[in-house]
Protein chains: 2
Amino acid sequence: MSPSIKDVAERAGVSVGTVSNVLNHPERVADGTRAAVQSAITALGFVRNSSAAQLRAGTSRSIGLIVLDMANPFFHDVARGVEQVADELGYAVVLCNSDDQLPRENRYLQVLEEQRVRGVLITPIEVSSERLDALRRRGTPTVLVDRHDPRVNCCSVAVDDVGGGELSGAHLVELGHEKIVYLSGPLALRQCADRLTGLRRAVAAAGLDPDEAIEVVEERAMNARTAHAAASALFAAGSTATSVFCANDLMALGVLRAALRTGRRVPEDLAIVGYDDIEFAADATIPLTSIRQPTQQIGRAAAQLLVEECDNPETHAHQQVMFKPELVTRESTAARKPPRECVDEF
Amino acid sequence: MSPSIKDVAERAGVSVGTVSNVLNHPERVADGTRAAVQSAITALGFVRNSSAAQLRAGTSRSIGLIVLDMANPFFHDVARGVEQVADELGYAVVLCNSDDQLPRENRYLQVLEEQRVRGVLITPIEVSSERLDALRRRGTPTVLVDRHDPRVNCCSVAVDDVGGGELSGAHLVELGHEKIVYLSGPLALRQCADRLTGLRRAVAAAGLDPDEAIEVVEERAMNARTAHAAASALFAAGSTATSVFCANDLMALGVLRAALRTGRRVPEDLAIVGYDDIEFAADATIPLTSIRQPTQQIGRAAAQLLVEECDNPETHAHQQVMFKPELVTRESTAARKPPRECVDEF
DNA sequence: CACTCTGAATGAAACGTTTCACGATCTCCA
DNA sequence: TGGAGATCGTGAAACGTTTCATTCAGAGTG
């Protein structure tokens, strides 16, 4: 097996305690001794056994992060934010991908708990599940990411989806649209429902009747293909809508494609607003207007809250942080101007 | 602190050895005893301490996976494949994202080694680095993902990029193109260089002179924006090329946008081939012809090789697995036909 | 010289498991 | 009735660290 601290001690002619001190409190060891130990370490290729260290120490310096889907740029950016903060504060992040499946989420929670992580950041499949509650009951700090727990017994970080819908609605109304399609994912998802609420609010605020001005199309999947089909169906049915607000950018891209395919001009004949402002949104055939969420900041804030709770368990007070999304206007809703990024093409 | 096996034993009125057996070898324990222990476990909310278990057992059931960029669908799919196989074989996967930075890669290697993972799957920043060599020297099995080590002292799984370039070239030549632009990322990357090699080979095989038929444009970044700019520049310079082969799909999408913007028809005026066949390729304004890599299979194969080596360290023989990519033809190169996916739109 | 003080190193205990040699009890059959 | 198995359970050792009370050797002081 790999050499232990004992082998190192032997080779350096010191006690194991001293080797441990070199590793953890170098300042307590005299220069000469330290050098001797160091060279023994490199000579033997010693690597600390973290199981033993953690067992003895009784506590780890790591936190778990369970996301729904690492392929989703949203969660990817959140993870990046979390890692940044964790790094700064000397914590390690254990990254887990539940893939939206409860059994996977449960398995990861089990693993994290067995590893005695200090805390868990999670976008749970359901805000309250058997295992998750058990984890909290046993005293492991938990922070909800992109979710809120109505029963407010833990910290959470989310984005104001009502506000996002409102931004989009206000923008479209301001451009003169009086007939807006809301191409949504499952309205059972809070995010989708909230955005509709915001949209209606904005429309109402402009003096229009939401029930007349807004047509809701609910789809099960939130990808380009579904959206393309939905938009095609709308066109075929002779929809009079002049604008579409989509639940995410992929759907918006699907709508964009359907529109261009059928000879519609964007934004003149149809204005399109997406959501998430994924990287590619700016590089679409017609750059997409979208709602941007401060994803990295979400991750940073969540990590900070968690570490705060880990470090001061008694004085800690749970917080619900809510970020505001931001409207990014691009060509897909702009009044037609010379394309900004291509002016010097010819 | 959380209850230990000892607390459980006390409460159930048995010895710690018995509790351990219930956990690890239930068949060795009589039904009644097992039930008593189980109920003590749930009553106390006992969760096994994996540090202690691993320390005692001396060996873990986990492997590390270090990828360059989890945002990249390629690596995401690879990871999925790895997880599948690991699951089946009872291993846990520790997922790490080096973000193309050597310090991060090194830090993760350190952590994995301290955790005594059984083996490591890695797409290294450099095929041979200080730390990576050290890891291998100490006897931790290693499998290279999407890389090859010329010195062949470990397993590796990769895709035949020369073959990919060849597929693309043969396809374009067959369609009658005699002037092809290769829009590449840094040619210092083996992948980019290999694809060019394949492209030249296919062109030569068709009796054309590669130097005349192929124009290479090398860009630093491999995204849509760069590609859009590069394509625009080509058009402005009056390029006579009738087709573009791009180093990845994002670049292809950038080229597509530039072409449509300047009134070109795709594929009649310009045929476009991408690489990777990302999910969105099929949903672009003009669906993209692309080269698909068997990403999940790469992950599966890599995990299988690693586990094989972990389980039979002496009999194991290193293997270099090379997958063949596949051409997926879509509209961006097809002779113009009624769009396949939109026939019933009107 | 006797003394305290300081800095450095030691050695044993403890962390929570798993393992394994050993008992204890029961069953079955000669 | 006695002995051989089989079946269950026990208890102590061991895994590789960290921690902390203790020892030791000098240096400084009166």
Side-chain angles (χ1 to χ4, degrees), chain A residues 1-38 40-41 44-62 90 110-118 138, chain B residues 1-38 40-41 44-62 90 110-118 138:
Chain A
M1 280 312 281
S2 37
S4 77
I5 224 180
K6 203 158 84 188
D7 304 317
V8 175
E10 221 160 87
R11 177 165 182 134
V14 298
S15 73
V16 294
T18 302
V19 177
S20 175
N21 277 334
V22 170
L23 259 29
N24 303 297
H25 310 279
E27 76 285 357
R28 293 190 195 158
V29 178
D31 291 358
T33 328
R34 195 185 326 137
V37 171
Q38 289 287 11
I41 286 178
L44 293 172
F46 166 81
V47 178
R48 176 214 257 101
N49 181 328
S50 62
S51 293
Q54 184 170 322
L55 171 60
R56 166 63 226 210
T59 168
S60 76
R61 280 300 272 187
S62 60
Q110 171 90 25
V111 170
L112 292 176
E113 216 171 342
E114 290 189 354
Q115 288 184 187
R116 298 290 190 270
V117 294
R118 287 286 286 281
R138 287 187 209 110
Chain B
M1 280 312 280
S2 37
S4 77
I5 223 180
K6 202 156 83 185
D7 303 318
V8 175
E10 222 160 85
R11 177 165 183 134
V14 298
S15 72
V16 293
T18 301
V19 177
S20 175
N21 278 334
V22 170
L23 258 30
N24 304 295
H25 310 279
E27 76 285 356
R28 292 189 196 159
V29 178
D31 291 359
T33 329
R34 194 184 326 138
V37 172
Q38 289 288 11
I41 286 178
L44 293 173
F46 166 80
V47 178
R48 176 214 257 100
N49 181 328
S50 61
S51 293
Q54 184 170 322
L55 171 60
R56 167 63 226 209
T59 167
S60 76
R61 282 298 273 185
S62 61
Q110 170 90 26
V111 171
L112 292 177
E113 217 171 342
E114 290 188 354
Q115 289 185 181
R116 298 291 191 268
V117 294
R118 287 286 286 282
R138 286 186 210 112

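Letters A, B, ... are given to chains in the order of the sequence lines, protein chains preceding strands, and every chain is numbered from 1.
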>> Can you work out whether A:F46 or B:G13 has the more 5'-proximal nearest nucleotide on DNA chain D?
In response: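 Looking at DNA chain D, the more 5' nearest nucleotide goes with B:G13.
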Figure out the [atom1]/[atom2] separation between [X] and [N], and round it to whole Å.
X	N	atom1	atom2	result
B:E27	D:dA6	CD	P	17 Å
A:L23	D:dT17	CG	C1'	10 Å
A:Q54	D:dT18	CD	P	12 Å
A:L55	D:dC15	CG	P	14 Å
B:E10	D:dT10	CD	C1'	15 Å
A:R28	C:dA8	CZ	P	12 Å
A:E114	C:dG16	CD	P	15 Å
A:R34	C:dG7	CZ	C1'	13 Å

Among [options], which nucleotide sits nearest the side chain of [X]?
X	options	answer
A:T33	D:dT18, C:dT17, C:dA9	C:dA9
B:N24	D:dT17, C:dT18, D:dC15	C:dT18
A:R116	C:dT17, D:dT10, D:dC15	C:dT17

Shortest non-hydrogen contact from [X] to [Y]?
X	Y	value
B:L23	B:F46	CD2-CE2, 3.7 Å
A:A12	A:A36	CB-O, 4.1 Å
B:V14	B:V19	CG2-CG2, 3.9 Å
A:P26	A:R34	O-NE, 3.3 Å
B:Q54	B:Q115	NE2-O, 2.7 Å
A:G45	B:R138	O-NE, 3.1 Å

> Looking at five pairs on each end of the helix from C:dC1-D:dG30 to C:dA30-D:dT1, what is the angle between the two axes, given to 10 degrees?
Replying inline: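 For the helix from C:dC1-D:dG30 to C:dA30-D:dT1, the axes at either end differ by 50°.
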Check the phosphate of [N] against [X], side-chain N and O only, distance under 4.0 Å to OP1 or OP2. Yes or no?
X	N	result
B:N49	C:dT17	no
A:R48	D:dT18	yes
B:S4	C:dG16	no
B:H25	C:dT18	no
A:T18	C:dT10	yes

> Touch check for B:A53, heavy atoms < 4.0 angstrom, all strands: base, sugar-phosphate only, or nothing?
Replying inline: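 Sugar-phosphate contact only - B:A53 comes under 4.0 Å of backbone atoms but never of a base.
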>> Classify A:A30 by what it touches in the nucleic acid, base, sugar-phosphate, or nothing, heavy-atom distance under 4.0 Å.
In response: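 Answer is sugar-phosphate: A:A30 comes under 4.0 Å of backbone atoms only.
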> Do A:S60 and A:R118 come within less than 4.5 Å of each other through their side chains, counting heavy atoms only?
Replying inline: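 A side-chain contact under 4.5 Å exists here.
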> Can you tell if the side chain of A:N49 reaches within under 4.5 Å of the side chain of B:E114, non-hydrogen atoms only?
Replying inline: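 No. Closest side-chain heavy atoms not under 4.5 Å.
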> How far does OG of A:S20 sit from CZ of A:R28, to the nearest 0.5 angstrom?
Replying inline: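 Answer for the OG-CZ pair, A:S20 versus A:R28, is 9.0 Å.
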Could you go over nucleotides 12-14 of chain C and give all protein N or O partners under 3.5 Å, atom names and distances?
{"from": "C:dA14", "atom 1": "N3", "to": "A:R56", "atom 2": "NH1", "distance (Å)": "3.0"}

> For B:S2 and A:R116, what are the C-alpha separation, side-chain angles and deciding distance, and is it a side chain to side chain contact (heavy atoms under 4.5 Å, CB included)?
Replying inline: CA-CA 10 Å; B:S2 37; A:R116 298 290 190 270; 3.4 Å; yes
